[in-house]
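Worksheet: the structure to be examined is printed underneath.
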Amino acid sequence: MFPLGQATRIVIHLVLQEKLQQAILTLMPGADVSSVLVRPCPEPKFGDYQTNALMGLAKRDQLNPRELAAQVVEQLNVADCCEPVEIAGPGFLNFRLKTEALSAALVSAANGEHLFYRATTEPRTIVIDYSSPNVAKPMHVGHIRSTILGYTLARTFRLLGHRVVTDNHIGDWGTQFGKLLVGWKDHLDRDALSQDALAEMERLYKLVNSASDKDGSVLTRARGELVKLQDGDTENLAIWHEMIDLSRHQFDEIYGRLGVEFDETLGESFYNARLKGVVDELIAQGIAEESDGAQVVFFNDHKSLKKHPAIVRKSDGAANYTTTDLATLEHRQDSWQPSEVIYVTDGRQQLHFQQLFELYNRWKPGHSMKLKHVWFGAILGEDGKPFKTRSGEIVRLSGLLDEAEQRAFDAVSEKNPDLPEEERHNIARVVGIGAIKYADLSGNRQSDYEFSWDNMLALVGNTAPYLLYAVTRIRSIFRKLGDESLTQPGSFALDQTEELTLAKHLLRFGLVLEQVIDECRPNYLCNYIYELAGYFASFYENCPVLQAEGDIRAQRLALCNLTGQVLKTGLETLGLETTERM
RNA sequence: GCCCUGGUAGCUCAACUGGAUAGAGCAACGGAUUUCUAAUCCGUAGGUUGUGGGUUCAAGUCCCGCCCAGGGUACCA
């Protein structure tokens with residue numbers, strides 16, 4: 001029924017899982033086996049993989065779990081890849097891989113047939129919305145999590161064969177432009193603008209903002225400029241376009257440094273023409289109603305939203321971001337028919353997205369999109385308060401990246417002063433930017449995260465430099481090999497514990513990638529490659545590669561090569577480049 | 001007030017449908033370098049998972065109460 005085919009070699013745990021489910025269905029026709037999963041054992045002494053699902057099944061049917069387990073084992077034929085299955089504790093099944101099965105998986109990977117993961121046979125289309133900076137404001141440290149997390153998720157989905165549309169929903173419309181237009185017309189410093197456009201625009205905004213706090217007539221004028229812009233005034237539109245161009249130029253510079261890309265950049269203004277129609281439909285369908293002069297949607301049958309109505313048209317007649325987001329969602333549904341739309345923003349917007357999703361479900365009943373808010377915690381300084389510069393300013397992203405590269409440059413120059421300066425600069429770029437990204441991705445996204453140069457650029461521990469160093473050690477071995485041609489081993493003996501542990505860990509790559517997309521948590525991948533780098537380090541210390549001879553040498557070289565490929569693929573999925581030396 | 005998060009080792013963080021003895025790193029202490037990059041490895045120590053109950057064969061994880069922290073809470077996004 002399940003021959004030891006290609007699937008077995010790629011992801012053994014899935015084959016075990018499928019066979020287990022079949023065995024259960026034979027015994028208990030009609031049972032729901034969707035929750036029957038095979039997972040890695042928490043402790044190697046129990047085996048390589050386990051399932052705890054039989055205990056749950058036994059409980060539902062009031063059976064003795066160990067007796068059920070015995071019957072299942074009776075039905076289960078996994079002898080081609082496992083030692084005899086053990087029943088343990090209250091009803092766990094423990095699987096221990098045969099070395100020959102492990103060896104077969106490694107051989108096929110070494111032949112380039114796979115890299116321990118299986119692309120999906122049912123590709124889905126997923127829209128991912130991330131980054132979303134505001135025009136006329138410099139990107140700051142608050143944008144980095146959304147940008148990094150969002151693009152990492154996009155790459156992970158793509159690696160597993162899904163179609164992804166990434167969309168940068170930039171803030172290019174809204175009330176701030178009234179003040180910006182006043183500032184532009186009265187106080188613009190062209191020199192400063194050409195030096196650093198976003199800083200100049202930010203200055204203008206702050207200037208007018210504080211002026212309008214003191215002087216009501218300034219605010220009135222700002223509103224007037226905004227109305228003119230919205231009515232299509234030529235001069236204001238031209239200024240607005242210039243502000244957008246200047247901003248996007250600087251965003252692109254940052255995205256270039258971060259290696260982040262988008263398929264679409266449809267800002268808020270793209271949906272302007274649709275906003276009135278959206279509100280009209282909501283009113284016509286009886287979803288929105290008038291309240292204090294605004295058009296409002298109430299969620300009375302919803303516990304957590306009961307006291308939190310959503311405004312879709314302000315009393316001054318203007319739409320707000322809920323309306324824009326509804327139009328955006330409609331556009332995404334119509335354009336790409338995604339099965340999933342993922343928003344990557346900070347946790348403070350949870351209420352907004354609850355409202356949005358609930359509202360969209362009412363507006364477009366029967367749509368089949370899964371709407372997900374993937375939120376993350378704040379970035380804090382080492383004092384535990386929101387991360388700011390010493391003078392209390394928000395930290396700008398460009399300066400942050402500069403400092404990361406500088407610190408990495410100092411480190412590499414100290415460790416390896418003989419490398420050419422140009423190479424040291426490149427290493428510094430890869431390590432510095434990588435360190436920032438990795439520090440951001442390696443924690444649970446929902447935790448607040450404490451920004452610490454020392455922690456992220458530490459040379460040991462779960463950091464980018466440690467992982468990149470592991471890659472350079474592997475590269476170094478292959479450099480020493482020179483022109484010598486590699487012989488692919490026909491099998492792997494895996495006599496040394498370090499070889500065995502490393503090999504088994506390689507096989508778990510696919511499982512981890514699945515977990516990342518299931519829960520939108522790249523830290524699972526970080527943990528995995530950190531463990532992989534650790535197992536490789538032990539292997540490296542204990543198992544000489546180039547000094548070994550014959551089959552052992554070929555096998556160890558292949559293990560190095562496979563580890564290098566998985567590390568590189570994992571790191572690239574996280575958005576990290578790798579280097580030859582460091 | 002109400003709603004949403006979170007509270008795990010001195011510090012920063014993990015912990016996979018509830019699963020077996022809660023794991024790493026940093027800091028501390030002890031060891032390893034004729035060697036494929038020591039930006040490394042091995043070891044020691046460190047815990048009543050905020051707190052009190054409950055459900056379960058099994059709870060950091062689920063349910064209820066309380067304490068603490070952060071965020072949100074009608075016309076900013």
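In what follows, every chain begins at residue 1, and chains take the letters A, B, ... in the order their sequences are listed.
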Side chain [X] and base [N] donor-acceptor under 3.5 Å:
X        : N      : result
A:Gln350 : B:rC4  : no
A:Gln50  : B:rA20 : yes
A:Tyr321 : B:rA77 : yes
A:Ser291 : B:rA74 : yes
A:Asp325 : B:rA77 : no

Among [options], find the nucleotide with the atom closest to the side chain of [X].
X        : options                : value
A:Gln446 : B:rC57, B:rA20, B:rG6  : B:rG6
A:Val296 : B:rC3, B:rA15, B:rA74  : B:rA74
A:Ile311 : B:rA74, B:rA14, B:rA20 : B:rA74

Look only at the side chain of A:Gln17 and the backbone of A:Leu37, and say whether a donor-acceptor pair between them is shorter than 3.5 Å.
no

Heavy atoms only, 4.0 Å cut-off, all strands: where does [X] land among base, sugar-phosphate and nothing?
X        : result
A:Ser35  : base
A:Ser538 : sugar-phosphate
A:Asn523 : sugar-phosphate
A:Asp346 : nothing
A:Asn209 : nothing
A:Gly443 : sugar-phosphate
A:Ala294 : base
A:Ala88  : base
A:Asn52  : base
A:Leu351 : sugar-phosphate
A:Asp316 : nothing
A:Glu541 : base
A:Lys306 : nothing
A:Cys543 : base

Indicate, with yes or no, if the rings of A:Phe95 and A:His13 have centres closer together than 6.0 Å.
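That pair fails the under 6.0 Å test.
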
With a 6.0 Å cut-off on the ring centroids, do A:Phe353 and A:Tyr343 count as close?
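Judged by ring-centre distance (under 6.0 Å), A:Phe353 and A:Tyr343 do meet the cut-off.
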
Would you call A:Arg475 and A:Glu580 a salt bridge, taking side-chain N to carboxylate O under 4.0 Å as the test?
yes

With the six-membered base ring of B:rA24 as reference, does the ring of A:Tyr530 sit under 5.5 Å away with planes under 30° apart?
no

Is A:Phe46 stacked on the base of B:rA20, meaning ring centres closer than 5.5 Å and planes within 30 degrees of each other?
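Stacked: ring centres under 5.5 Å, planes under 30°.
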
Regarding A:Arg145 and the six-membered ring of A:Tyr449, is the cationic atom NZ or CZ under 6.0 Å from the ring centre and inside 45° of its axis?
no

Check the distance between B:rU73's C1' and A:Phe353's CZ and give it to me in whole angstrom.
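Going from CZ in A:Phe353 over to C1' in B:rU73 covers 17 Å.
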
